[in-house]
Amino acid sequence: MAFLIGGTLCLIGQLVMDLTKVQITPGHILVGYITSGAILSGLGVYQPLVEIGGAGATIPLSGFGHLLTQGTLKAVEQKGLLGAFSGGIEAAAAGIAAAVIFGYIAAVIFNPKG
């Protein structure tokens, strides 16, 4: 199911880029997926998709929006309004740190052409 859910999410993004007359860039897809994942998570619609698809729903960008929203909601329950400012970043800190560290390592190891 992870393959089907994750593949379907990627397929939707690719179709949006290929079939729209307005030039939709990968950056637009990135922002759209994170935002839609956050909104669907806040409405309680994304969690059933996570339960069915597992990593196929949590690894794509919409899963990052879901993680931010769930972290924020949990922090608001624990800390009140102050949690709204820190909860999402606390929940996603490990993934953000990994992206920064591995991106830096790749930049040091490989020499870009161009």
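In what follows, residues are counted from 1 in the order of the sequence shown.
Members clustered with Leu19: Leu11, Leu15, by chain and number, using a 4.5 Å side-chain heavy-atom cutoff among hydrophobic residues. Other residues sharing the hydrophobic cluster of Ile52, ordered by chain and number and joined by side-chain separations under 4.5 Å: Met1, Phe3, Leu4. Taking Ile, Leu, Val, Met, Phe, Trp and Tyr as hydrophobic and joining them when side-chain heavy atoms fall under 4.5 Å apart, one finds Tyr104 in a cluster with Val108.
The side-chain hydrogen bond (donor to acceptor under 3.5 Å, both in side chains) contacts involving residues 31-40 comprise nothing, where partners must be two or more places apart or lie in separate chains.
In this structure, Val22 and Thr20 approach most closely via the heavy-atom pair O-OG1, 3.2 Å. Looking at every heavy atom in both residues, Ala55 comes nearest to Pro60 through O-CD, 3.8 Å. Smallest separation of non-hydrogen atoms from Pro48 and Gly44: CD-O, 3.5 Å. Taking all atoms of both residues into account, the shortest heavy-atom contact from Gln23 to His28 is O-CE1, 3.9 Å.
Residue Leu68 is not grouped with residue Ile59 when hydrophobic side chains (ILVMFWY) are merged at heavy-atom distances under 4.5 angstrom, including chains of intermediate members. Tracing side-chain contacts under 4.5 Å through hydrophobic residues (I, L, V, M, F, W, Y), one never reaches Ile39 starting from Leu73; they form parts of separate clusters. Criterion: ILVMFWY side-chain heavy atoms under 4.5 Å apart, direct or through other members. Under it, Val50 and Ile12 are part of a common hydrophobic cluster. Each of Leu67 and Val31 belongs to its own hydrophobic cluster when Ile, Leu, Val, Met, Phe, Trp and Tyr are linked at side-chain heavy-atom distances under 4.5 angstrom.
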Only distances under 3.5 Å count here; give the side-chain donor-acceptor pairs of residues 78-102 to other protein atoms, sequence neighbours excluded, each with its distance to 0.1 Å.
unit_1: Lys79; atom_1: NZ; unit_2: Glu90; atom_2: OE1; d: 3.4
unit_1: Lys79; atom_1: NZ; unit_2: Glu90; atom_2: OE2; d: 3.0

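Looking at heavy atoms from C-beta onward, Leu9 lies in side-chain contact with Ser62 at the 4.5 angstrom threshold.
Of the inter-residue distances, the one linking Ile34 atom CD1 with Leu61 atom CG reads 5.0 Å to the nearest 0.5 angstrom.
One side chain, Ser41 or Gln70, offers a donor N or O that lies under 3.5 Å from an acceptor on the other.
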- request: Please step through side-chain contact (heavy atoms from CB on, under 4.5 Å) for the pair Ile29 and Thr25, ending with a clear verdict.
  value: CA-CA 7 Å; Ile29 298 298; Thr25 66; over 6 Å; no
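Judged purely by atom type and a 3.5 angstrom limit, Thr69 uses its side chain to pair as donor or acceptor with the backbone of Ala38.
Residues meeting the side chain to side chain contact (heavy atoms under 4.5 Å, CB included) test with Leu49, sequence neighbours left out: Ile5, Tyr46, Ala57.
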